[in-house]
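I have placed the structure first, in the form of structure tokens, so that the comments after it can refer back to it.
All values derive from a computational prediction rather than experimental measurement.
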Amino acid sequence: TTPDPIALHRQLDEIAADGVTHLAFEASSHGLDQHRLDGVRIAAGGFTNLSRDHMDYHPDVAHYLNAKLRLFRDLVMPGGVAVVSADHDCSQQVIDAARSRDLRIVTVGRNADDEGIRLLGAAIDGFAQRLVLEYRGRGHTIRLPLVGEFQVENALVAAGLAIATGERAADVFAALESLEGASGRLERVGERDGAGVFVDYAHKPDALAKVLSAL
């Protein structure tokens with residue numbers, strides 16, 4: 001999660017000194033609320049969804065959403081990009097926050113606009129998913145080697161961030177086919193008597209529901 005500002009900027013300085021030019025990192029709601037990311041020059045921000053996580057910290061869902069909106073209202077640089085999953089009740093609020101700053105908006109998902117990455121279809125393909133996408137009038141069929149609908153959303157937001165910061169769309173969509181999931185996130189670790197064995201560290205209602213639904 002987001003380190004304190006001094007540690008964060010020290011790490012960014014060390015990473016840049018090593019020759020790294022592009023960095024993706026989590027903007028946690030705690031970090032946003034506590035101004036830990038202030039001063040970081042952020043070229044593009046992504047938004048996937050809003051669940052009922054972290055209610056031990058945020059007094060209500062509105063407070064949680066407002067913390068996330070700080071990324072777009074305050075932190076993405078002028079002229080930057082907001083990549084937003086368009087398939088949720090709060091998606092329009094995120095889009096409105098980005099629009100108020102004149103950020104370039106890239107929507108993804110089933111309800112993406114004509115300039116975004118629209119998901120036309122998704123089907124289970126073994127322990128992968130077959131996705132049919134449309135981006136700027138061109139169709140793409142992709143085999144995403146990850147389990148779970150939430151991974152589709154994650155992959156599309158990641159693709160949007162990569163394209164929005166200068167990568168070729170064809171290269172990005174091709175790269176999705178070789179993604180590896182994070183350790184402990186619906187990770188297939190073996191098989192017993194013909195049944196797949198998965199490990200997942202989900203421990204909150206929304207995450208547990210997504211895992212069970214995916215399985």
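Checked for salt-bridge contact, Asp200 and Lys210 miss the test: no charged N lies under 4.0 Å from a carboxylate O.
Residues Leu50 and Ile105 are members of one and the same hydrophobic cluster, defined by side-chain heavy-atom contacts under 4.5 angstrom among Ile, Leu, Val, Met, Phe, Trp and Tyr.
Side-chain contact of His22 with Glu167: a donor-acceptor pair under 3.5 Å is absent, judged by distance alone.
The side-chain heavy atoms of His30 and Asp33, taken from C-beta on, include no pair separated by under 4.5 Å.
For residues 115-132, the set of pairs meeting the salt bridge (charged side-chain N to carboxylate O under 4.0 Å, His left out) definition, not counting sequence neighbours, comprises Asp114-Arg118, Glu115-Arg136, Arg118-Glu134, Asp125-Arg130, Asp125-Arg143.
Of the candidates Val81, Ile117, Val106, Ile163 forms a side-chain contact (heavy atoms from CB on, under 4.5 Å) with just one, namely Ile117.
Among all heavy-atom pairs drawn from Ala159 and Phe173, the shortest one is CB-CE2, 4.4 Å. In terms of heavy atoms, Gln129 sits closest to Leu146 at NE2-O, 2.9 Å.
Listed for the Asn66 side chain is a donor-acceptor partner under 3.5 Å among the backbone atoms of Ala62.
Val199 shares a hydrophobic cluster with Val189, Val197; the chain of contacts runs through ILVMFWY side chains whose heavy atoms sit under 4.5 Å apart.
In this pair, His63 and His58 present their aromatic rings tilted. The plane angle is within the 30 to 60° band.
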inquiry  = If you apply the rule side chain to side chain contact (heavy atoms under 4.5 Å, CB included), what do you find for Leu156 with Leu119, and how did you get there?
reply    = CA-CA 9 Å; Leu156 294 184; Leu119 176 65; 4.1 Å; yes
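Within 6.0 Å of CG in Asp89 there are 12 or fewer heavy atoms belonging to other residues, nucleotides or ligands.
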